[in-house]
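Every number for a ligand or one of its atoms is a count from 1 in the order of the listing. Predicted model only: the values in this text are computed from it and were never measured. Worth knowing before you read on, the calculation uses all heavy atoms, side chains too, and leaves out hydrogens, waters and symmetry mates.
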Amino acid sequence: MTGATGDIGSALLTRLHASGVGPLRGLTRYASQAAIPEGVEAVEGDFADPASLKPALEGVRSLFLVSRLGPDAELLGAARQTGVEHVVLVSSITAETHPHLGPAAENLAVERSLKESGVDWTVLWPTQFASNTLMWAAAIRTGGTVRAPYQDTALPTVVHPADIASVARVALAEPGHRGRTYALTGPEPVNDRQQAEAIAAALGRKVPFAGIRRQQARAQLVAVFGEAVADALLDVTGGDVHDGLLAVRDTVARVTGGPARPFWQWGTENAAAFR
Ligand SMILES: NC(=O)c1ccc[n+]([C@@H]2O[C@H](COP(=O)([O-])OP(=O)(O)OC[C@H]3O[C@@H](n4cnc5c(N)ncnc54)[C@H](OP(=O)(O)O)[C@@H]3O)[C@@H](O)[C@H]2O)c1
C-alpha cells in the first residue's frame, strides 16, 4: 500500500486488516514514526528515490497506488517485474470531467501506463475530498472567518475518504472489479457554505463564512500550489462546473453495499481538528 499513512490509506489498511486480508505491507517515508496498524508491515520507501521502492514491492501481489506521489510509470514497470498481479489506482474524477487540465492530464498518463503495463487494474475516480476542508482548520480554531469562492456551488463532494477506502478494500479483496473504473462521489450535493455550517454544528458554535472573488482565492492558492494547479483547483471547485461534475454517482453504494457518507458525518468525526 502506498499512501499508507494518508487519509485513504490508513482507513484502507484498518479495513483490510480487520477483514483478515493479508499479509499487508504499508509504504511510508518514515517507518519508525509512522502510525501503521498493528500486524501490518511498515516498509520505508520514497517516490523521490525510486530505487527504494523496488525492495518494497518484493513479494507483493496486489498494489494500492495513490497517484502522482512520484514517477508512477517507473513504479508500475518495477511492479510488473516483481510479479504484482493487480493494481488499484487512486486517480481523480477530473480525468473524466476536466481532462484538459494539467493535474487531470497527469492522472490520465498514469492510467495509461497502468493499462499498458499488462498488470490487472482497477481505477478509482474520486471527486474532491471532505478532508480538503482541513485547510479551514486554522481559521476556525482561532475564531476567524472561512473565506471561499463559489460558496453557493453545490458539488457532490466525496464526503469521507473512508468511502474511497471501502471501495478500494472491495476492489482489492473481492473478485469482479478488475478492468473497472469507478467514479466516486458523496450522496448529495453540498456547497462550501453548507460544509462550514456542518462543521459549526459539530463544534456547537458559529463559524463565520464569507464569499470571496476567484482572484482573491487564486492569489492564496498560487502561493501554495503554483499557477497551473491553482487555476485547475478553482475550475473544478466552481469555475468550470458542468453536468459531469454535478452528477451524484451511486458507485459507493453499489460496490460496498452501504450508503456513501454525507459531509456532516465527516465533520462530526473530525470536529477535534477544528477546535
Ligand atoms: N484531495 C482531493 O480532493 C483529491 C481528489 C481526487 C484525487 N485525490 C488524490 O488522492 C490522493 C491523496 O490521498 P490521501 O488524501 O489519502 O493522501 P494524504 O492524506 O495527503 O497522505 C499522503 C500520503 O502519501 C505519502 N507520501 C507523500 N509523499 C511521498 C513520497 N515522496 N514517497 C512515498 N510516500 C509519500 C504519505 O506517506 P508518509 O508521509 O508516511 O511518507 C501519505 O501516506 C492523491 O493521489 C490525490 O491526487 C485527491
Answer with side chain, backbone, both or neither: which part of [X] has a heavy atom less than 4.0 angstrom from an atom of ligand 1?
{"X": "V158", "result": "neither"}
{"X": "P103", "result": "neither"}
{"X": "N132", "result": "side chain"}

Atom 42 (C) of ligand 1 [closest protein heavy-atom partner, distance rounded to 0.1 Å]
T5 OG1, 3.3 Å
In terms of residue, atom name and distance, what is the protein heavy atom nearest to atom 39 (O) of ligand 1?
R29 NH2, 2.8 Å
For atom 32 (N) of ligand 1, state which one of F47, W125, Y30 supplies the nearest heavy atom.
F47
Yes or no: does S91 have any heavy atom under 4.0 Å from an atom of ligand 1?
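The answer is yes: ligand 1 sits under 4.0 Å from a heavy atom of S91.
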Out of curiosity, is T2 lining ligand 1, as in a heavy atom under 4.0 Å away?
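Per 4.0 Å heavy-atom rule, T2 does not contact ligand 1.
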If you count heavy atoms of other groups shown closer than 6.0 angstrom to CZ of R254, is the number above 12?
yes
Are more than 12 heavy atoms, taken from residues, nucleotides or ligands other than D243, located less than 6.0 Å from that residue's CG atom?
no
Are any of the protein's heavy atoms under 4.0 angstrom from atom 20 (O) of ligand 1, yes or no?
no
Check whether V110 and L57 end up in the same hydrophobic cluster, where Ile, Leu, Val, Met, Phe, Trp and Tyr are linked by side-chain heavy atoms less than 4.5 Å apart.
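Yes; tracing contacts between hydrophobic side chains, which count when under 4.5 Å, links both residues.
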Working to the nearest 0.5 angstrom, can you tell me the gap between I140 CD1 and M135 CE?
10.5 Å
